[in-house]
Structure formats: C-alpha cells, structure tokens
Amino acid sequence: TESWVSAWIDLAAKIPQVDADLLALVGISFGGYFASRAAAYEPRIRVLVANSPIVDLRAYMTSFVAGMGGDPEEVLTPEEDFSLADIDEIPDDEMPHQIKEMSRSLIRRFGQSTFLGTFSYLRNFIVDPVTITCPALALVGTGEGGEPIRQFHAFGQRCSGPVTSRMFTAAEGADTHCQLGNLSLSFSLFFRHVPNPFQDGLLFLILRQHLARESLAASPDDVRDLEGRPARRTHARRGARVTGHGALAECLLGLRCAQ
C-alpha cells in the first residue's frame, strides 16, 4: 500500500498550489486498513483519519462473513472451498446474495483463485499501530459490530502518535458502517480534527470502498451536525440505497489549495 500512496504523494507534491508538508490521508471502510498501513510507512503523511481503523484485515473480514458460521478456514473444509466460477452455482439458501458478492469481490481484489485461499492470504495484512506516529482520528459506529469496535480500541490504545477517538451512536443517525446515515457529521469531524497549522491549506487523499448495504431511509430532519442543527443530506435522497459489496474501490482526491 505504501508504495502506491507514496507515488500519489510524489505526484501531488508537484502541484504548485500544494504544500507537501500539509498532507492528510483518509481511509473509509476498506480504506481504513490501507490508509493506516500507508501512514505507518510513509512519513510525509502528517494526519491520518481512519474510518474505521483496521489493524487486522483478516479478522475484520471474518466478522463480515459471520453468517457463514464463523472463520471460513474453520467452518469450510477444503472440499467445500469455491472459486469465482462456483459462486453462481451455490444456492441462495446456502449463501445469501450479499455474501456471494462480497466473496466474489474479495477473491478478485486479492488475486487469489479460491475463497479459502483468499482468507489464508489475508493473514499477511496486519498493521502494528505502534508504527503510526502522526496524529490520527479514529472513527467507528456503535452498530458496526464487535470486531470493528475491538480494532478501533486497539488502534487508539497502541498508536505511538496522538489519537482522537470518536464512536458514533444511533441517536446521531451515524451508528452504521462509515456513518452512512449521517455523512455530514463524520465529514465535519475530518476538518475539525485538522491541527491549526493545516487549516489554511490541506491535501486530503481519500481511500474508500463501501463494504455494506445500508438503508438511508431516515428523514433528513433526523440528521444533525456537530452543533445539533439539521444537516443537509447531500449524498442521497430519502429512501435511496447505497450498494456496496460488489462495487469497485473508489479513489478520491480532494484538494484544498494552500493560500
């Protein structure tokens, strides 16, 4: 991860309006691992936002397939392992459609041939928070489940640099994965977390991939910003849905130019 993030930073540093000393990396969903990994090895990242922080990608992904009955390498035998070509042949009552799409995405993303092979490969994806020395903002929702919350706390406790931790609640409409019910609230925290020297100009590299399908059916009046005022929902109209597991990763480059 750090190799291609470093290449992005090299490119961004050539933009005349960018101050290379004011770089922040934001990791959303799956990006919570990749951003944390990059911050551990790329010293030019001055601020990290992890939403949510992932320090053990295999354990994190195992929690997403809990419907299969537990750890895939413990639940499935080698004879029950499956490849991309096998997925569509599995009955929906044995594997729900959402799990099929997530399995398909995982196998493709990590370049493995089978599902169990992918989970075995994920054992290599570990970040030691001790190696992260820059200031960090860690975000998670109370409804994201036990493993994401466990890793959220481990990140906050073990990082070498200062960490600001924020857990969102159902009362805020932000307890779901990546605060999909109240994106205005979580994004406002990104900028509030930025130290004062960064506020005139900041380059945000944002790594994002949604891993969940969430309903955004709450009324906009239920969504509040940090001051408790109704927040405008700019990401979706009422009743819209965000579809995730089958989606490709999105790499977004947000730029606030130095003045």
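The two residues Gln179 and Gly141 come nearest to each other via the heavy atoms NE2-N, 4.2 Å. Nearest heavy-atom pair across Val127 and Ala40 is CG1-CB, 4.4 Å. Here the closest heavy-atom approach between residue Pro53 and residue Ala138 is recorded as CG-CB, 3.9 Å. Across all non-hydrogen atoms, the minimal contact from Val140 to Ser52 is CG2-CB, 3.9 Å. Taking each heavy atom of Ala59 and Gln151 in turn, the nearest pair found is CB-NE2, 3.9 Å. The two residues Glu144 and Cys178 come nearest to each other via the heavy atoms OE2-N, 3.8 Å.
Asn182 contributes a side-chain N or O that, together with a main-chain N or O of Glu172, makes up a donor-acceptor pair within less than 3.5 Å. Judged by distance alone, with hydrogens and angles left aside, the side-chain atoms of Ser160 form a donor-acceptor pair with the main-chain N or O of Val130 at under 3.5 Å. Under the 3.5 Å distance criterion, the side-chain polar atoms of Glu94 are left unmatched by any main-chain donor or acceptor of Pro91.
Atom CZ of Arg166 is separated from atom CG of Leu137 by 9.5 Å, given to the nearest 0.5 angstrom. The line from OH of Tyr121 to OG of Ser113 is 12.5 Å long, rounded to the nearest 0.5 Å. Atom CG of Leu183 and atom OG of Ser186 lie 5.0 Å apart (nearest 0.5 Å). Note that CG of Asp56 and CD1 of Ile126 are 3.5 Å apart. Values are rounded to the nearest 0.5 Å. Here the CG atom belonging to Leu57 is positioned 11.0 Å from the CZ atom belonging to Arg37, to the nearest 0.5 angstrom. Rounded to the nearest 0.5 angstrom, Ser83 OG and Asp86 CG are separated by 3.5 Å.
Side chains of Asp21 and Arg46 form a contact here, defined as non-hydrogen atoms less than 4.5 Å apart. Inter-residue side-chain proximity for Asp71 and Arg58 is flagged as met; some heavy-atom pair is nearer than 4.5 Å. Put simply, the side chain of Pro129 does not reach to within 4.5 Å of the side chain of Thr131, judged on heavy atoms. Side-chain atoms of Leu106 and Ser103, non-hydrogen and from C-beta on, never get closer than 4.5 Å to each other. Looking at Pro72 and Thr62, their side chains come closer than 4.5 Å, going by heavy atoms from C-beta outward. By the 4.5 Å heavy-atom criterion applied to side chains, Asn124 and Phe110 are not counted as neighbours. Under the 4.5 Å side-chain criterion, counting only non-hydrogen atoms from C-beta, Ile90 is in contact with Phe82. Here the side chains of Arg44 and Leu25 are not in contact, with every heavy-atom distance at 4.5 Å or above.
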Starting from the C-alpha separation in whole Å, work towards a yes-or-no answer on salt bridge (charged side-chain N to carboxylate O under 4.0 Å, His left out) for Asp88 and Lys100. CA-CA 8 Å; Asp88 289 332; Lys100 287 183 180 180; 5.8 Å; no
Step by step, would you call Glu80 with Leu116 a side-chain contact (heavy atoms from CB on, under 4.5 Å)? CA-CA 9 Å; Glu80 295 171 317; Leu116 287 183; over 6 Å; no
For Ser36 and Val55: C-alpha separation, side-chain torsions, deciding distance, then whether side-chain contact (heavy atoms from CB on, under 4.5 Å) applies. CA-CA 8 Å; Ser36 298; Val55 297; 5.8 Å; no
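Leu189 and Phe152 sit in two unconnected hydrophobic clusters of ILVMFWY residues. Membership requires side-chain heavy atoms under 4.5 Å apart, directly or through other members. Transitive grouping of hydrophobic side chains (ILVMFWY, heavy atoms separated by less than 4.5 Å) keeps Met167 and Phe187 in distinct clusters. Following chains of ILVMFWY side-chain contacts shorter than 4.5 Å, one can reach Ile87 starting from Met61, so the two form part of one hydrophobic cluster.
Under the side chain to side chain contact (heavy atoms under 4.5 Å, CB included) test applied with Thr114, the options Asp81, Leu76, Ile107 reduce to a single match, Asp81. When each of Val5, Thr133, Leu23 is paired with Ile45, the side chain to side chain contact (heavy atoms under 4.5 Å, CB included) condition holds for Val5 and for no other.
Residues Phe125 and Tyr33 bring their aromatic ring centres within 6.0 Å.
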